[in-house]
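Note on naming: letters A, B, ... go to the chains in the order of the sequence lines (proteins, then strands), and numbering restarts at 1 for each one. Note that the structure is a prediction, hence the values are computed from the model and not measured.
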There are 2 protein chains.
Amino acid sequence: MRTLPQPSVDSLDLTTVLAALADPVRRTLLDAIDIGTEPVACSAAATTVDVGAPTVSHHWRVLREAGLIETTVDGRQRFVRIRRDDLERRFPGLLPAVLSSEQRTTKPATNL
Amino acid sequence: MRTLPQPSVDSLDLTTVLAALADPVRRTLLDAIDIGTEPVACSAAATTVDVGAPTVSHHWRVLREAGLIETTVDGRQRFVRIRRDDLERRFPGLLPAVLSSEQRTTKPATNL
DNA sequence: GTTATACTTCGATGTACGTCAAATTATATG
DNA sequence: CATATAATTTGACGTACATCGAAGTATAAC
């Protein structure tokens with residue numbers, strides 16, 4: 001159950017993080033694992049996206065190297081989880097503003 | 001005092017916005033005009049950045065076409081201003097999270 | 001009208017990126 | 001051991017992008 005190498009909180013770079021977020025496929029992957037705090041199987045999240053396996057693997061790498069996700073290896077499966085606390089500490093409000101903000105409508109919150 | 005064409009609030013695209021923000025030169029330009037609500041002269045903001053005039057012009061265009069700034073023409077000068085309200089309406093919290101968050105330290109807010 | 005100023009457009013160049021097919025690694029299962 | 005599975009790595013391809021020099025546009029100043 002080892003964890004793949006990832007940048008420390010302090011070394012997170014805003015340009016790198018934003019570049020990682022500026023890809024629709026990567027944001028879809030993030031949205032797919034944006035449920036609770038338990039790690040999600042890569043294979044499961046990958047079904048939400050319409051690119052080949054090598055491309056998905058590439059995107060996981062970019063997300064991990066940017067510091068957005070933590071990847072753990074268990075057998076021949078990989079599990080990923082969003083580094084929410086680390087990101088909130090380094091760039092407060094950024095992730096909540098980006099994740100699933102496509103679904104957000106412009107209408108003035110009638111559900112209060 | 002005409003205003004250059006810009007995307008409407010509803011047509012703002014998250015991928016485009018994030019891609020525009022994922023460049024350090026463009027973020028420096030945004031930080032330079034991120035003061036109050038009055039438009040700032042392009043020439044003034046451009047002094048904060050170390051690239052040639054054509055490149056600066058290119059970056060203003062990218063920022064405008066992404067919907068991040070509004071550009072007005074007055075004589076031979078251009079003035080720019082951040083479209084704060086529009087962006088807040090479309091992507092709440094995004095801009096505040098990005099602008100000047102490089103200066104933000106990791107220390108736990110001792111100033112309370 | 002000529003010169004200066006502020007900025008843009010054009011064309012070129014090098015680099016980075018998203019994608020895929022093929023080959024590879026590593027673990028599990030028969 | 002042989003086969004299957006989950007994912008990565010490698011190499012290639014096309015495209016997009018940041019940058020610059022040179023030329024162009026438009027307005028202001030003389």
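Here the P atom of nucleotide dA18(D) and the CG atom of L21(B) are 12 Å apart, to the nearest Å. The CG atom of L4(A) sits 18 Å away from the P atom of dA6(D) (whole-angstrom rounding). L63(B) places its CG atom 13 Å from the P atom of dC17(D), with the value rounded to the nearest Å.
Within 4.0 Å (heavy atoms only), V73(B) reaches no atom of the nucleic acid at all. Among the protein residues, H58(B) comes within range of the nucleic acid bases, having at least one heavy atom under 4.0 Å from a base atom. Residue V56(A) is out of contact with every strand shown, counting any heavy-atom pair closer than 4.0 Å.
With sequence neighbours left out, the salt bridge (Lys or Arg N to Asp or Glu O under 4.0 Å) criterion links R76(B) to no other residue. Remark: R26(A) pairs with H59(A) by the side-chain hydrogen bond (donor to acceptor under 3.5 Å, both in side chains) rule, at least two apart or across chains. For Q6(A), there are no side-chain hydrogen bond (donor to acceptor under 3.5 Å, both in side chains) partners at least two apart in sequence or on another chain. Legend: residues meeting side-chain hydrogen bond (donor to acceptor under 3.5 Å, both in side chains) with D34(A), ordered by chain and number and at least two apart, are R84(A). Under the side-chain hydrogen bond (donor to acceptor under 3.5 Å, both in side chains) criterion, R64(B) pairs with no residue at all, not counting sequence neighbours. Remark: E88(B) engages no residue in a salt bridge (Lys or Arg N to Asp or Glu O under 4.0 Å) (not counting sequence neighbours).
Atoms CZ and CG, from R27(A) and L99(A) in turn, are 9.0 Å apart once rounded to the nearest 0.5 Å.
Of all nucleotides in DNA chain C having an atom under 4.0 Å from a heavy atom of chain A, the first and last in 5' to 3' order are dG18(C) to dA28(C).
Every pair passing side-chain hydrogen bond (donor to acceptor under 3.5 Å, both in side chains) that includes a residue from residues 37-53 of chain A is listed here, sequence neighbours excluded: S43(A)-Q77(A).
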Worksheet, complete the sentence: Nucleotide by nucleotide, nucleotides 20-28 of chain D touches protein heavy atoms under 4.0 Å in the pattern (B base, S sugar-phosphate only, - none) BBB----BB
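A residue-by-residue look at S43(B) and H59(A) shows that S43(B) has its nearest nucleotide of DNA chain C further toward the 5' end.
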